There are 2 protein chains.
Amino acid sequence: MKKTFSQSEENYLKVIFKLSFNKTSLVSTNSIASALKTAAASVTEMVSKLSQKGMLDYERYKGVKLTKEGSIVAKMLVRNHRLWESFLVDKLHYSWDEVHEIAEQLEHVKSQTLIDRLEEFLGFPKFDPHGDPIPDKNGKITMKEDVPLIQLLTGDVGVITGVKEHTKAFLKYLDQFGLVLGTNIQVLDKYEYDNSVKIRINDQAEQVVSEKVGQQIRIQKI
Amino acid sequence: MKKTFSQSEENYLKVIFKLSFNKTSLVSTNSIASALKTAAASVTEMVSKLSQKGMLDYERYKGVKLTKEGSIVAKMLVRNHRLWESFLVDKLHYSWDEVHEIAEQLEHVKSQTLIDRLEEFLGFPKFDPHGDPIPDKNGKITMKEDVPLIQLLTGDVGVITGVKEHTKAFLKYLDQFGLVLGTNIQVLDKYEYDNSVKIRINDQAEQVVSEKVGQQIRIQKI
DNA sequence: TATTATTTTTAGGCTTACCTAAAAATAGAA
DNA sequence: TTCTATTTTTAGGTAAGCCTAAAAATAATA
């Protein structure tokens with residue numbers, strides 16, 4: 001008998017999944033609260049509930065960790081989200097800064113078959129419009145070998161393959177400079193003073209990029 | 001400032017819209033309750049709330065009627081539902097008996113632009129997979145001139161253009177006999193005893209159809 | 001018209017998912 | 001180590017949307 005989850009429960013699982021990505025330590029109540037913009041007390045409540053449901057390992061005052069089962073549920077939500085984002089951009093011609101809120105709703109639609117059919121319809125994409133990997137139906141994730149722009153050295157050349165931040169403001173900012181997925185980047189200079197980087201974009205315009213921005217852009221070196 | 005509605009509120013509006021279709025009289029509390037499978041007391045509560053929001057005209061012990069505004073909201077929900085059903089059948093290759101529950105969820109997704117973009121992507125369909133008309137973005141509905149199969153006379157010829165009942169059981173039953181949208185029907189005989197009808201399907205198989213089924217199938221005469 | 005049956009509403013409760021404020025536990029600094 | 005600051009939990013409350021049972025209003029029937 002298959003367990004079901006409310007949208008709220010699903011949002012908690014997804015956030016915990018993201019907060020514990022590439023981390024062995026436990027996720028704190030407060031970090032969940034700030035990610036979900038809820039009170040810490042509400043998190044304590046939900047976290048006990050989800051651990052009773054077998055989705056989390058929870059130790060009072062310590063923090064939480066997804067169980068195997070919880071991790072699978074969370075990963076499927078990430079899959080849903082990223083496939084819907086791909087649909088919105090590829091088929092409905094939304095731009096990458098418009099799709100998050102809509103996908104946030106679509107990801108909760110319950111159906112045994114819907115998301116697999118959507119994936120097939122989209123041609124089994126491996127990455128979403130922000131360059132994030134889409135877990136396949138077994139939860140397998142295709143890894144990329146990209147690094148933050150900020151880590152490149154003078155002279156390095158590469159292609160933009162992803163962005164870490166998904167806010168509308170940030171993505172629109174990137175659009176202005178043509179810094180979209182697939183764009184060619186060459187590092188012309190690095191300034192130690194503020195960790196900014198001068199780059200050449202698609203062999204044309206030069207642009208100085210701040211440390212903050214450079215940390216959010218991921219590059220595949222070539 | 002745009003009014004927003006919970007999924008629950010939306011479901012009430014949609015059901016009231018359907019129950020009051022082609023009817024001038026008020027919709028009763030009990031009929032809403034049975035359509036939504038909720039207790040009558042819950043309906044009273046929600047109906048007062050929706051009338052306070054200006055969506056319904058409600059008179060205690062009498063019944064309800066959608067206001068102009070409520071009617072628009074309801075029609076947009078019907079539009080959402082039917083466009084999503086079209087998407088599921090046309091693009092994801094679901095059959096007409098599988099789409100209702102999924103569309104029931106998708107119809108509640110909130111976005112200013114999503115449904116119009118979906119409509120465009122689908123090529124502005126006028127009817128959904130069950131032959132029901134899809135309201136356009138202004139709420140305009142294309143009317144059809146079809147009649148229940150049961151009303152045809154011996155010798156009449158026509159095409160199936162719609163079905164009134166959307167249950168999985170009924171639609172699967174129709175599939176078995178090839179009684180799908182676009183199928184050619186010729187009335188061979190009518191039996192007064194039980195109001196059943198003998199038909200020829202696509203100039204091939206003969207089939208006797210019960211009164212119950214004949215009332216649910218809509219035919220455009222040719 | 002009086003009585004009975006049906007429909008609808010009110011009253012009081014429950015669950016989920018939030019909240020604030022206070023108490024308890026843990027972590028950090030002197 | 002002890003005291004203070006921070007984090008987390010507990011306690012007690014709220015709103016939405018549902019419920020059942022009882023009361024009130026309306027409709028049907030003798």
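Lettering follows sequence order; numbering is per chain, from 1. Nothing here was measured: the structure is a model prediction, and the numbers come from that model.
Comparing A/S42 and A/K62, the nucleotide of DNA chain C nearest to each residue sits closer to the 5' end for A/S42. For B/E9 and A/E59, each mapped to the nucleotide of DNA chain D holding its nearest heavy atom, the one lying further toward the 5' end belongs to A/E59.
For C/dC18, one of the phosphate oxygens OP1 or OP2 lies less than 4.0 angstrom from a side-chain nitrogen or oxygen of A/S8. OP1 or OP2 of C/dT10 lies within a sub-4.0 Å distance of a side-chain N or O belonging to B/R60. Contact annotation: A/N30 reaches the phosphate of D/dT8 (side-chain N/O to OP1 or OP2, under 4.0 Å). Phosphate contact (OP1/OP2 of D/dA16, side-chain N/O of B/Y12, threshold under 4.0 Å): absent. Regarding contacts with the backbone of C/dT9, a side-chain N or O of B/T44 is found under 4.0 angstrom from either OP1 or OP2.
Cation-pi geometry between B/K91 and B/F121 is satisfied (NZ or CZ under 6.0 Å from the ring centre, within 45° of the ring normal).
The nearest whole Å value for the distance from the CG atom in A/L26 to the P atom in C/dA25 is 19 Å. Distance NZ (A/K37) to P (C/dC19): 12 Å, rounded to an integer number of Å. Atom CD in B/Q7 sits roughly 15 Å away from atom C1' in D/dC18 (whole-Å rounding).
Out of C/dT8, D/dT9, C/dC18, the shortest distance to the side chain of B/S28 is found at C/dT8. Comparing C/dC18, D/dC18, C/dT9 by their closest approach to the side chain of B/M46 singles out D/dC18. Distance from the side chain of B/E45 is smallest to D/dC18 among C/dC19, D/dC18, D/dT10. Of all nucleotides listed (D/dT10, C/dC19, D/dA24), D/dA24 comes nearest to the side chain of B/Y61. Residue B/A39 has its side chain nearest to D/dC19 when only C/dT9, D/dC19, C/dC19 are considered.
Within the nucleic acid shown, A/T29 comes within 4.0 Å of sugar-phosphate atoms alone, with no base atom in reach, counting heavy atoms only. Looking at heavy-atom distances under 4.0 Å, A/T38 makes contact with sugar-phosphate atoms alone, never a base.
The main-chain N or O of B/P133 is found under 3.5 Å from a side-chain atom of B/R82 such that the two form a donor-acceptor pair.
No more than 12 heavy-atom neighbours from other residues, nucleotides or ligands sit within 6.0 angstrom of NZ on A/K68.
Side-chain atoms of A/E69 and A/T67 form no donor-acceptor pair, as typed in the model, at a separation below 3.5 Å.
Ion pairing of A/E120 with A/K137 is absent here, as no side-chain N (NZ or NE/NH1/NH2) approaches a carboxylate O to less than 4.0 Å.
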